[in-house]
Number of protein chains: 2
Amino acid sequence: MRVRLEDVARAANVSPKTVSRVLNDEANVTDATRQRVRAAMEAMDYRPHPSARSLAGNRSFLVAMLYDNNDNPASTYLAEIQDGVLEACDAHRYSMMVRPLRMRGGDFIRRFDALISDHHPDGVVLTPPITDYAPLLKRLRESNVPYASVSPQRRGKVIGVTMDEQRAARAIVEHLLELGHRRIAHVIGIADHGASRWRLAGYREAMAAAGLPEDPAMVVQGAFTFGSGVEAARKLFALAKRPTAVFAANDDMATGVMWAAGEYGLKVPQDLSVCGFDDTPLSRQLWPALTTVQQPSREMGKIAAEQLLGALRGHGAGQLVQVPFVLQIRGSTAAAP
Amino acid sequence: MRVRLEDVARAANVSPKTVSRVLNDEANVTDATRQRVRAAMEAMDYRPHPSARSLAGNRSFLVAMLYDNNDNPASTYLAEIQDGVLEACDAHRYSMMVRPLRMRGGDFIRRFDALISDHHPDGVVLTPPITDYAPLLKRLRESNVPYASVSPQRRGKVIGVTMDEQRAARAIVEHLLELGHRRIAHVIGIADHGASRWRLAGYREAMAAAGLPEDPAMVVQGAFTFGSGVEAARKLFALAKRPTAVFAANDDMATGVMWAAGEYGLKVPQDLSVCGFDDTPLSRQLWPALTTVQQPSREMGKIAAEQLLGALRGHGAGQLVQVPFVLQIRGSTAAAP
DNA sequence: GGCAGAAATGACAGCGCTGTCAATTTGCTC
DNA sequence: GAGCAAATTGACAGCGCTGTCATTTCTGCC
């Protein structure tokens with residue numbers, strides 16, 4: 001039979017309420033009592049019943065991780081974040097639930113509300129691009145549900161984790177500049193994603209700092225997918241003065257650019273340097289391997305969840321933590337021809 | 001304030017217990033009453049409190065999806081299964097929780113027990129390679145937790161979903177044979193995964209049926225990773241009589257084979273045909289794109305969860321459903337040189 | 001040693017449902 | 001229309017915890 005809190009109380013010779021206090025790390029328990037109760041819990045392998053705790057205490061010990069399954073980034077990126085979030089939740093004895101929330105198609109507010117009233121999460125972790133949907137953020141604040149973002153965002157009083165995408169993008173373009181490239185193209189990601197904007201801004205910043213005027217033909221719209229990278233590259237390669245280097249806003253599009261280069265008989269990196277962003281496993285498996293920006297996704301998920309849980313448990317308000325990026329210079333970039 | 005079952009009961013002019021009966025689709029409620037209660041629920045946007053239901057009814061409405069985060073297959077594969085499982089759970093108003101369970105390192109039984117007593121899932125969905133760990137399956141049965149597998153397994157009285165991997169492997173090797181290949185190599189996956197065994201069996205079957213004696217040098221061990229594919233291929237290419245075609249047990253290893261081909265100056269598919277298994281997104285993004293076997297992962301996750309939920313809700317015992325595979329013939333295979 | 005105030009502990013109700021079983025209504029048969 | 005079994009409905013306790021508030025025990029201080 002299941003060991004209940006009451007059983008532990010009897011074994012430790014205290015009232016159930018005191019065991020509850022120990023369980024929840026509350027104040028006003030002498031160290032001696034706390035020890036005794038802890039020992040009894042241990043000895044009996046006591047496991048509190050989550051539903052009973054939730055019902056009586058009016059909290060669920062549940063964190064929901066939201067992602068957009070419509071135009072989400074690479075699934076490996078999400079999987080890594082998920083792993084990190086899960087690790088943090090486990091450490092704090094919270095459960096985690098993942099929830100897709102399609103942002104295209106209007107009624108996401110209704111679906112979000114349903115999620116909240118169906119599952120009662122104590123907090124929510126937002127992943128890109130959901131982090132960029134202002135109406136949802138507004139709704140989150142209205143419903144008074146604490147949340148943390150794994151996000152390129154860095155403004156406002158948000159808690160979670162971020163990376164300086166603009167500086168990373170600038171750094172990778174500077175790498176191309178150092179290799180002697182001047183005609184450097186950029187393939188933009190989905191327009192309304194924050195990530196796209198910051199990566200573009202970093203590209204522009206680097207080009208401007210190098211004294212290169214912006215050539216509109218060198219900046220083409222993509223959509224974060226392989227196919228969109230192929231199409232964007234075809235436009236670039238059809239130009240009279242084609243670029244010698246392409247910085248695509250993510251690895252999938254960069255892969256598309258490399259594919260298109262093959263079509264046009266351009267050798268990477270001899271004729272064309274290509275770089276991406278994200279450091280997906282794919283980027284290492286290409287030939288040549290892709291120069292890209294690595295972000296510590298797993299760690300970011302973990303940090304975001306920790307900030308959220310810290311705030312939930314009243315340990316301060318939660319921060320917006322910035323993590324470093326790493327430039328992964330690999331075979332797809334070389335000196336300008 | 002929250003709408004409770006009692007409120008619905010008052011509105012529909014019945015007892016709380018009757019509302020509960022309607023909520024749980026129980027028998028012995030007249031159609032008229034059922035209608036009335038349903039209408040009241042709808043009108044008040046009633047959402048049962050999961051913890052209260054769980055506590056009183058002694059079930060959690062929770063399905064746990066287990067995966068091995070040690071040597072798991074491609075994360076996209078898992079992500080797709082997860083999506084399918086989630087879809088089925090949502091449809092039946094169950095929650096889903098994903099749980100990594102590292103199989104290397106012995107104490108997975110203890111960690112599994114902790115998972116059960118911490119979260120009380122009503123059922124469990126197993127993904128490869130967890131499906132192959134007999135001790136865990138034994139423990140599942142002992143603890144009386146219903147489970148379904150997404151699995152290459154096809155023997156025994158298991159419920160879930162399966163694909164005929166052996167026949168698929170045979171089919172892809174037959175495709176190579178039809179192209180005129182005779183020296184066909186196979187790169188095996190992690191030895192104790194069921195998937196590896198069946199894919200190898202399919203390879204052997206096809207070769208034997210074509211009257212080709214098995215050449216031990218043509219069968220090399222891999223580990224489902226890109227790197228292991230590279231190494232395996234190097235061994236094959238170093239042979240005096242190198243293969244004209246390689247069938248790798250998954251796409252990641254096939255990608256490694258293609259990489260190694262580049263190192264050796266072998267053109268794919270002119271000098272070497274390569275094929276894989278899984279149809280990961282990666283396989284489409286290579287150049288040339290990879291010939292491979294597509295399995296409907298998302299659908300498989302959904303079916304497994306549906307079988308499990310059906311059994312949980314007493315609609316029969318649950319089946320082992322077999323889904324079809326699709327051979328994806330793409331640019332990486334061509335006539336033998 | 002006695003007293004006030006703070007700290008520790010406990011009693012008890014109740015969170016929102018469902019299981020059990022009793023009470024009531026319905027549908028038949030004669 | 002009485003009598004009986006089956007179907008429907010309801011009363012009530014209780015799932016395992018925590019919130020509230022009352023009670024007891026411990027401090028320090030005069």
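Naming convention: chains lettered A, B, ... in sequence-line order (proteins, then strands); numbering from 1 in each chain.
Aromatic ring orientation, H120(B) versus H49(A): parallel (interplanar angle below 30°, classes split at 30° and 60°).
Side chains of S15(B) and T18(B): a donor-acceptor N/O pair is present below 3.5 angstrom, by distance only.
Note on E42(A) versus R38(A): no salt bridge recorded, every NZ/NE/NH1/NH2 to OD/OE distance being 4.0 Å or above. Checked for salt-bridge contact, K302(B) and E299(B) miss the test: no charged N lies under 4.0 Å from a carboxylate O. Ion pairing between D122(A) and R313(A) fails under the 4.0 Å rule for side-chain N and carboxylate O.
Here Y46(A) does not reach the OP1 or OP2 of dG16(D): none of its side-chain N or O atoms lies under 4.0 Å away. Taking only side-chain nitrogens and oxygens, S20(B) comes nearer than 4.0 Å to OP1 or OP2 of dT18(C). A sub-4.0 Å separation between OP1 or OP2 of dG10(D) and a side-chain N or O of T18(B) is present.
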Q. Could you walk me through whether M96(B) and V98(A) pass the side chain to side chain contact (heavy atoms under 4.5 Å, CB included) check?
A. CA-CA 8 Å; M96(B) 185 199 72; V98(A) 289; 4.0 Å; yes

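Atom-to-atom, CG of L23(A) to C1' of dT18(D) comes out at 10 Å; the value is rounded to the nearest Å. One can place CD of E6(B) at 9 Å from P of dG16(C), the figure rounded to the nearest angstrom. In this structure, D7(B) atom CG and dC17(C) atom C1' are separated by 13 Å, rounded to whole Å. Rounded to a whole Å, the CZ atom of R10(A) is 19 Å from the P atom of dT9(C). Following rounding to the nearest Å, R47(B) (CZ) and dC17(C) (C1') show an atom-to-atom distance of 17 Å. When rounded to the nearest whole Å, the span between CZ of F61(B) and P of dT18(C) equals 7 Å. R93(B) has its CZ atom 16 Å from the C1' atom of dC17(C), to the nearest Å. Nucleotide dG16(C) holds its P atom 17 Å from the NE2 atom of H49(A), rounded to whole Å.
Comparing dC17(D), dA11(D), dC15(D) by their closest approach to the side chain of L55(B) singles out dC15(D). Considering only side-chain atoms of R2(B), the nucleotide from dG10(C), dT18(C), dG16(C) that sits closest is dG16(C). With dC17(C), dT9(D), dA7(C) as the candidates, the nucleotide lying closest to the side chain of N28(B) is dT9(D). Distances were taken from every side-chain heavy atom of E26(A) (C-beta onward) to each of dC17(D), dG19(D), dG10(D); the shortest belongs to dG19(D). When distances run from any side-chain atom of K17(A) to the nucleotides dT20(D), dC15(C), dT8(D), the shortest one goes to dT20(D).
Evaluated for a side chain to side chain contact (heavy atoms under 4.5 Å, CB included) with I130(A), the options D68(A), V124(A), V150(A) yield exactly one hit, D68(A).
Scanning atom types as modelled, one donor and one acceptor separated by under 3.5 angstrom connect the side chain of R21(B) and the base of dG10(D).
Listed by residue number, the members of residues 29-41 of chain B with any heavy atom below 4.0 angstrom from DNA chain D are V29(B), T30(B), T33(B).
With F61(A) as the aromatic partner, R53(A) meets the cation-pi criteria of under 6.0 angstrom to the ring centre and within 45 degrees of the ring axis.
As judged by a 4.0 angstrom heavy-atom cut-off over every strand, N58(A) is placed among residues making no nucleic acid contact.
Heavy-atom nearest nucleotides on DNA chain D were determined for A56(B) and for R53(A), and the one closer to the 5' end corresponds to A56(B).
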